[in-house]
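In what follows, a single structure is set out as structure tokens and then discussed.
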Amino acid sequence: MEHRVDALLKRALERLRDRGTLPPDLEVTGPVERPRREEFGDFGTALPLAMAKALRMPPARCAAMIQEVLDPPEGLFQEITFAPPGYLNFRVRPEAWWAALQEATTLPRVGGRERVLLEFVSANPTGPLHVGHGRGAVLGDALARLMRATDYAVETEYYVNDVGNQMAMLGLSLHARGREALGLSDGSDFPENGYRGQYIREIAARWVATPDGEAACRRPYEDLGPRDDNVATTVASRELLGWIRRTLEDARITFDHWFHERPLHRDGEVQRMLDLLLQNGRAFRDESGAILFRMEGTEDSEDRVLVRGNGMPTYFAADVAYHHHKFRRGFQRLINIWGADHHGYIPRVRASLEALGHDPDALQVLLVQMVTLTRGGVAVPMGKRSGEFVTLQDVLDEVGTDAVRFLFLLRRPDAQMEFDLDLARSQSLENPVYYVQYGHARVASIVRKAAAAGIAVPPWSPDLLQALALPEEAALTRDLVRWPDVVGSAARRCEPHHVAFYLLDLVKAFHGYYTRYRHTEKVLSADRQKTAARLYLVSRIRDVLHQGLSLLGVHAPDEMRLPEDDETP
RNA sequence: GGGGGAUUAGCUCAGUUGGAUAGAGCGUUGGUCUCCGGAACCAAAGGCCGUGGGUUCGAAUCCCGCAUCCCCCA
């Protein structure tokens, strides 16, 4: 509805330009908004104010000019009024609102089949996922659902860094724990920068119970090949990746692709990228034999090492090759969800993409701010090497997937958040997600009750909703009709949290309506026309809640078990 | 020292390209109900939108300085 008003205004401006009343090069914009005060109508715009400024004419005259060329379809508006100092307010006819209810779950196709690669989580397989990963994971997954629903051709991807020093250290750690498990070591020779988490011991215990694993641990580490591709590293990363995958599945997150770094090196992808950059002069070899990316002329100041003097490519080199490869797979836009601590990395990657002939603006990095974890107000440390942290799996088990997802999505991604485990658990019965789910279950219950009485939800018809006369019913209708615009805007802006907030607003309005009239004007009554109209209305509420929750990856139950009464006599 | 983010009610947070009298949840206080599901609802109190300037008809929103917190880099 909102975009219809907006389109009408845009067309009116076009007409004014055609007539020469408005200079063609003059940019005049005025967004359509919803006035807070009911008396101002359903929609309003400050367009006359903007025009008055540009044309140096009184706003009232500008408003009159707009009205003159405005050509609204028959039956859409009840009235269009001018309000000082320069607003144009629109009131939509109830019939138009009711008609729009049919499209309440028809989402706008704002994506236009754009091919998007959405990469998120991508945590190194050196330990379990922690809560911070969870935030990015839930954001990415919800965004993917949103974009798919609005006609983006989006694919999701997890990038696995399975090459490098960290991986070598992981293998070394596993080997050391394996030797401890076999009684060959007392742990005093455990590598200084090794991964000390309990999970390494568990994997080691399972590994040495196999003949291959035991044999490998009985040999010195050097015999395995002290690099990042030996059997210990392979076993550890495979185990951890499986663990990560299961945790993500618990959070209802799956990926279209798991893209490994190793093939980029093995198949020459990194080398080809280096050759390209050396050829076009954006990279050079220094006196030590290292290859550096030339940063002059970019926002980043310092030349960045791609290949070290000893011939080892850096993480940066692999990342450049990886993103180059993404474009070559045919994606038009790349969205990466990164932790805020990677902020300084962005200019480098963008510059490298530009150097390889890609549009750097086609890479969009969404930064997710840190999650600080507390328990009863006390900070919980979150370092993998310290081995002492709360995993995403723990939190999912403790709080539940629906609640965790909704809690994460109830915040803007670029604001830091504190996640208090005690609070999350103690509030689990008052968690906003249950409030929304309860609303859905409530409507489902009404519909069930109607069905039991032999009354089905009626199909829409032009005079079906005439019986909706209560102000709350009009307000609910307007809220429902707003939904497609909310989804479209959230998808375009990559901000799923708007969906969560909308659902809270809608369900609050419903609970209020329900409670207020539970004794006087129930949905199901002896009045057949009111019953039919209200049944249709609440079924639309249920449909929108269901669609909204599923876009967030949260269940929409038809029934909820009431919590057990703690105050047993 | 350089860069990024944050600062809105007691607490946790929304606020859609600058618009009309600033929004919710929790908490507090006081109310509603012999029910289509009380995990509900209504009402009240609570704000110099960190601070100082600037831009204009108009600023929580845009620009600059400052303060505080978090993160990255050196």
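Chain letters run A, B, ... following the sequence lines, proteins first, then strands; residues in each count from 1.
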Set out, in order, the CA-CA distance, both residues' side-chain angles and the distance that settles side-chain contact (heavy atoms from CB on, under 4.5 Å) for A:Phe120 and A:Val138, then state yes or no. CA-CA 9 Å; A:Phe120 57 103; A:Val138 168; over 6 Å; no
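- In terms of phosphate contacts, A:Tyr435 brings a side-chain nitrogen or oxygen within less than 4.0 Å of OP1 or OP2 of B:C41.
- For the pair A:Arg34 and A:Phe43, the NZ or CZ position fails the cation-pi test of under 6.0 Å to the six-membered ring centre and within 45 degrees of the ring normal.
- In this structure, of B:C35, B:A39, B:G38, it is B:G38 that holds the atom nearest to the side chain of A:Tyr514.
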What string of B, S and - do you get for nucleotides 68-74 of chain B 5' to 3' if you count protein non-hydrogen atoms under 4.0 Å? --BSS--
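- Residues from residues 476-507 of chain A that place a heavy atom under 4.0 Å from any atom of RNA chain B, listed by number: A:Arg493, A:His497, A:His498, A:Phe501.
- Rounded to the nearest 0.5 Å, atoms CZ (A:Phe77) and CZ (A:Arg91) are 12.0 Å apart.
- In terms of position along RNA chain B, the nucleotide closest to A:Asp414 lies nearer the 5' end than the nucleotide closest to the other residue of the pair A:Ile446 and A:Asp414.
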Measure all distances between protein nitrogen or oxygen atoms and nitrogen or oxygen atoms of nucleotides 27-29 of chain B, and list the pairs falling under 3.5 Å.
none

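- Side-chain N/O atoms of A:Ser445 include one lying less than 4.0 angstrom from OP1 or OP2 on B:G37.
- In RNA chain B, stems built from 3 or more consecutive Watson-Crick or G-U wobble pairs, each with both distances under 3.5 Å, span B:1-7 with B:67-73, B:10-13 with B:23-26, B:28-32 with B:40-44, B:50-54 with B:62-66.
- Distances from the side chain of A:Ala415 to the nucleotides B:A14, B:A39, B:C36 place B:A14 closest.
- Around atom CZ of A:Arg448, more than 12 heavy atoms belonging to other residues, nucleotides or ligands sit under 6.0 Å away.
- As judged by a 4.0 angstrom heavy-atom cut-off over every strand, A:Lys522 is placed among the base-contacting residues.
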Restricting to nitrogen or oxygen on both sides, can you table the protein-nucleotides 42-47 of chain B pairs closer than 3.5 Å?
none

Given the rule in the side-chain contact (heavy atoms from CB on, under 4.5 Å) test, do A:Leu470 and A:Arg534 qualify, once you have shown the distances and angles that lead to the verdict? CA-CA 11 Å; A:Leu470 300 170; A:Arg534 287 173 180 160; 3.6 Å; yes
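- Between A:Arg412 and the phosphate of B:A14, there is a side-chain N or O to OP1/OP2 separation shorter than 4.0 Å.
- Spacing between atom CZ of A:Arg411 and atom C1' of B:A6 amounts to 14 Å, rounded to whole angstrom units.
- Closest-nucleotide positions on RNA chain B for A:Phe40 and A:Val523 were compared, and the one nearer the 5' end corresponds to A:Phe40.
- Non-hydrogen atoms lying under 4.0 Å from RNA chain B are contributed by nothing in residues 526-549 of chain A.
- Proximity of A:Arg518 to the phosphate of B:C36: no side-chain N or O atom is located under 4.0 Å from OP1 or OP2.
- In this model, the phosphate group of B:G38 is approached by a side-chain N or O of A:Tyr438 to a distance below 4.0 Å at OP1 or OP2.
- Across the C1' atoms, B:C42 and B:G47 are found 23 Å apart, a figure rounded to whole Å.
- Here the P atom of nucleotide B:U16 and the NE2 atom of A:His3 are 20 Å apart, to the nearest Å.
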